[in-house]
Amino acid sequence: GYLAEREISPKAYLKDWTEGRVNAFIMSCLRAGSRRWPPKWQVLEASKTEKRINPKTGRPAQFYQCKVCLSEQTSKDVEVDHIEPVVPLTGFVSWDDTIKRIFCKADGLQVLCKKCHKVKSKEENKQRKELQK
């Protein structure tokens with residue numbers, strides 16, 4: 001992982017953190033930063049359909065189209081997905097690779113409804129498990 005590449009042990013400066021915990025923390029920070037990545041907003045903008053009354057709330061809302069099922073959903077019910085997983089199906093490569101993948105161009109992203117995103121993620125995780133055997 002990142003710390004091993006830098007020849008730094010997490011124990012050297014974080015007495016109670018394992019390397020796994022440090023790596024999870026770094027990934028969490030990267031994912032949080034990616035929420036402000038401009039290509040994410042470009043892809044979301046391009047998937048806009050129309051503003052209309054949200055049947056769930058009775059209030060006006062912007063709708064977005066899912067790339068897979070083509071359904072139209074409000075912003076609460078869609079997610080911007082990395083077409084290629086941030087962590088490859090074969091497993092973690094390096095932090096440099098992870099950063100390139102998480103901060104990709106707009107053509108590496110797509111808008112999916114939560115249902116389609118869940119199905120895609122479940123399939124990727126299944127493939128990961130198969131490859132680890």
Practice task
For the residue pair Cys104 and Pro39, establish whether any side-chain heavy-atom pair is separated by less than 4.5 Å.
Solution key: no
Practice task
Evaluate the side-chain proximity of Glu124 to Leu89: yes if any heavy-atom separation is below 4.5 Å, no if none is.
Solution key: yes
Handout entry: Interatomic spacing from OG in Ser47 to CG in Leu112 - rounded to 0.5 Å
Key = 10.0 Å
Problem - Salt-bridge present (Lys126, Glu130; N to O < 4.0 Å) - result: no
Exercise for the section: Indicate if Met27 and Phe103 have the same hydrophobic cluster label, given that clusters are the connected sets of ILVMFWY residues with side-chain heavy-atom separations under 4.5 angstrom. Expected result: yes
Practice task
Tell me whether Leu30 is reachable from Val80 by hopping between hydrophobic residues (I, L, V, M, F, W, Y) whose side-chain heavy atoms are closer than 4.5 Å.
Solution key: no
Handout entry: Any donor-acceptor pair under 3.5 Å from Ser34 side chain to Trp37 backbone
Key = no
Practice task
Give the minimum heavy-atom separation between Thr74 and Ala61, together with the two atoms involved.
Solution key: CG2-CB, 4.0 Å
Problem - Atom NZ of Lys120 with >12 non-hydrogen neighbours under 6.0 angstrom - result: yes
Handout entry: Flag side-chain contact, heavy atom, 4.5 Å: Leu44 against Val111
Key = yes
Handout entry: Side chain proximity check, Arg128 to Leu131, heavy atoms < 4.5 angstrom
Key = no
Handout entry: Whether Trp41 side chain and Arg35 backbone form a donor-acceptor pair below 3.5 Å
Key = yes
Practice task
Report yes or no: do Val43 and Val68 belong to one cluster of Ile/Leu/Val/Met/Phe/Trp/Tyr joined by side chain heavy-atom distances under 4.5 Å?
Solution key: no
Practice task
Ignoring hydrogens and angles, tell me if any N or O in the side chain of Ser121 forms a donor-acceptor pair with the backbone of His117 under 3.5 Å.
Solution key: yes
Handout entry: Residue Gln127 excluded, over 12 heavy atoms near CD under 6.0 Å
Key = yes
Problem - Within-4.5 Å side-chain heavy-atom neighbours: Asn23 and Phe92 - result: no
Exercise for the section: Indicate, with yes or no, if Trp17 and Ile26 share a hydrophobic cluster defined by side-chain heavy-atom contacts under 4.5 Å among Ile, Leu, Val, Met, Phe, Trp and Tyr. Expected result: yes
Problem - Glu72: which of Lys48, Arg52, Lys51 passes salt bridge (Lys or Arg N to Asp or Glu O under 4.0 Å) - result: Arg52
Handout entry: OH-OG distance between Tyr64 and Ser71, expressed to the nearest 0.5 angstrom
Key = 14.0 Å
Problem - pair Cys66-Leu70: side-chain heavy atoms closer than 4.5 Å - result: no
Handout entry: Gap between atom NZ of Lys118 and atom SG of Cys113 - 0.5 Å precision
Key = 11.5 Å
Fill in the blank from the handout: Interatomic distance, CD@Glu79 vs SG@Cys116, rounded to 0.5 Å, equals 11.0 Å
Handout entry: Flag, side chain of His82 to backbone of Ile102, donor-acceptor distance under 3.5 Å
Key = yes
Handout entry: N-O pairing of Lys100 and Asp96 below 4.0 Å
Key = no
Handout entry: Side chain Arg101, main chain Pro85, donor-acceptor under 3.5 Å
Key = yes
Problem - Co-membership, hydrophobic cluster, residues Val119 and Val86, 4.5 Å side-chain - result: no
Exercise for the section: Please confirm whether the backbone N or O of Asp81 pairs with a side-chain atom of Gln110, one donor and one acceptor, at under 3.5 Å? Expected result: no
Handout entry: Whether Asp77 side chain and Gln73 backbone form a donor-acceptor pair below 3.5 Å
Key = no
Problem - Any side-chain heavy-atom pair of Lys114 and Val78 under 4.5 Å - result: no
